[in-house]
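Shown next, in structure tokens, is the structure this report addresses.
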Amino acid sequence: EDISTNKRSCYHSLTRAAENLQPAFVNVLVKKTRNSTMVSDSEVEFYQHSGKPGNSVTTILLLGIPVAVAMAAIYSYLVVYVPLIGYINILFLGGYVFGTGYVLSRLAKMGKSRSEKMSFALGCLVGAVGLYAAWLFFFKAIAGENFPLLEYASHPQEVWEIAKAINAEGWWDGGPTGIFGWIVSGLEAATFVLGCGLITMISVDCEVFCERCNHWCEPAATQNLKITEEFATAMEAEGKSAWKHLDILKLPKADLNEYPRFVGEVLTCTGCGNTSAIRLQLLSIVNGENGPEESSKSLPGILLLANDG
């Protein structure tokens with residue numbers, strides 16, 4: 001895709017800045033004074049979403065609800081037909097929430113949602129629809145042809161009565177009944193609704209949006225940063241909560257085989273080149289089920305870069 005000369009210049013300027021990421025990080029937006037030579041994290045500007053919902057209401061509801069209903073059907077039939085002890089079904093519940101939540105998070109980004117509250121509300125709404133659908137498919141899986149699913153779908157009061165009867169008597173030998181049955185159902189409902197809401201809400205936490213061009217910023221360059229002995233000693237004394245973005249960006253370059261290390265990634269608007277920022281991650285090696293594996297942790301806060309143009 002061709003980029004105009006002005007846009008190309010902004011892009012290459014940003015890339016060159018990202019390749020250095022050295023002590024005098026002059027592109028950082030300083031809120032208190034641009035002439036300060038001793039800049040701290042309290043003086044720089046961090047990116048914050050505008051709070052605009054974009055087209056997320058239409059995108060999430062129109063595309064997310066069918067996905068949630070389909071996932072609910074799969075979940076319900078797995079619960080009924082997979083021959084596992086009932087309490088193992090929590091694995092199926094987790095699969096539903098993370099699978100549906102992932103789709104909703106992609107739809108939130110597609111719909112350009114910059115509102116955490118709106119994303120959370122929409123995720124919860126879709127999760128609630130999925131919960132209702134899961135109960136319908138659950139009854140269908142148990143009763144078969146004796147349960148007209150489409151007819152009951154428009155009669156929530158009757159669905160509620162069936163749910164009460166099942167919780168009172170249980171649906172498999174040794175399963176939860178009475179108060180315990182309601183506790184299990186309540187936890188399931190909360191997981192459906194809040195799980196989808198939370199995953200949708202945090203979907204764009206580490207993203208930057210250009211309000212001028214109305215699209216998300218794209219990765220432009222990355223830099224691996226070495227954790228020096230002095231830095232490690234200081235951070236061990238102060239604790240991880242004391243990590244400062246600017247101190248991290250002053251670290252020397254690291255090799256790809258060095259762990260732990262920080263990774264600074266520059267995000268830029270490829271449309272205007274005026275909106276750009278840096279997000280940081282800590283990469284380390286942890287012991288996984290199959291041996292050592294790489295683990296990444298995003299540092300809170302995305303540092304805005306100044307517009308030189």
Side-chain angles (χ1 to χ4, degrees), residues 11-49 98 105 116 198-199 201-209 216-268 275-308:
Y11 180 87
H12 289 315
S13 175
L14 180 62
T15 303
R16 287 195 298 272
E19 289 173 347
N20 291 306
L21 292 178
Q22 294 301 321
F25 199 63
V26 296
N27 278 351
V28 172
L29 284 178
V30 181
K31 291 190 292 186
K32 293 185 178 180
T33 170
R34 287 186 176 273
N35 297 321
S36 173
T37 57
M38 298 296 291
V39 181
S40 68
D41 269 23
S42 62
E43 297 175 297
V44 300
E45 187 172 347
F46 288 89
Y47 172 78
Q48 289 185 331
H49 285 307
F98 283 105
S105 69
E116 290 185 347
L198 289 172
I199 294 176
M201 181 181 71
I202 65 174
S203 59
V204 294
D205 273 0
C206 296
E207 303 293 339
V208 175
F209 193 85
W216 298 103
C217 294
E218 299 291 339
T222 59
Q223 180 66 59
N224 293 284
L225 303 169
K226 182 176 183 178
I227 299 179
T228 62
E229 193 173 317
E230 295 80 8
F231 183 89
T233 302
M235 291 303 98
E236 184 177 352
E238 298 181 31
K240 293 183 179 180
S241 60
W243 284 348
K244 304 298 183 184
H245 288 67
L246 294 186
D247 291 336
I248 294 172
L249 293 174
K250 295 175 184 178
L251 294 172
K253 293 181 180 180
D255 294 329
L256 294 178
N257 60 353
E258 290 187 77
Y259 293 93
R261 70 178 187 272
F262 289 107
V263 176
E265 184 176 34
V266 175
L267 303 173
T268 184
T275 302
S276 50
I278 285 184
R279 61 187 177 192
L280 293 169
Q281 282 188 321
L282 175 64
L283 298 185
S284 57
I285 295 294
V286 298
N287 291 322
E289 294 182 358
N290 301 317
E293 58 185 34
E294 185 179 89
S295 173
S296 63
K297 179 182 179 181
S298 297
L299 273 65
I302 299 179
L303 206 60
L304 282 173
L305 301 181
N307 173 24
D308 292 334

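Bear in mind that the values here come from a model prediction, so they are computed numbers and not experimental data. Residue indices begin at 1 and follow the sequence shown.
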[X]: partners by side chain to side chain contact (heavy atoms under 4.5 Å, CB included), with sequence neighbours left out:
X	value
Tyr259	Arg261, Leu283, Ile285, Glu294
Ile202	Asp205
Asn287	Pro292
Glu218	Thr270

List the atom of [X], the atom of [Y], and the distance in Å for their closest heavy-atom pair.
X	Y	answer
Phe209	Tyr47	N-OH, 3.1 Å
Thr268	Ala220	CG2-CB, 3.4 Å
Leu282	Ile227	CD1-CD1, 3.9 Å

Nearest 0.5 Å, what's the [atom1]-[atom2] distance between [X] and [Y]?
X	Y	atom1	atom2	value
Ser284	Phe262	OG	CZ	10.0 Å
Leu299	Cys206	CG	SG	9.5 Å
Ile278	Ile302	CD1	CD1	11.0 Å

Are any non-hydrogen side-chain atoms of [X] and [Y] less than 4.5 angstrom apart?
X	Y	answer
Leu280	Leu303	no
Asn224	Lys253	no
Pro252	Leu225	no
Ile248	His245	no

### Task
Tell me, please, which residues at least two apart from Arg279 pass salt bridge (Lys or Arg N to Asp or Glu O under 4.0 Å).
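With neighbours one apart ignored, the set is Glu207, Glu265.
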### Query
side-chain contact (heavy atoms from CB on, under 4.5 Å) with Met201: which of Val204, Leu198, Ile199?
Leu198
### Task
Inspect the surroundings of CD in Glu229 and state if more than 12 heavy atoms from other residues, nucleotides or ligands are less than 6.0 Å away.
no
### Message
Could you check whether atom CD of Glu258 has more than 12 heavy atoms from other residues, nucleotides or ligands sitting under 6.0 Å from it?
### Response
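For Glu258, atom CD is crowded (more than 12 foreign heavy atoms under 6.0 Å).
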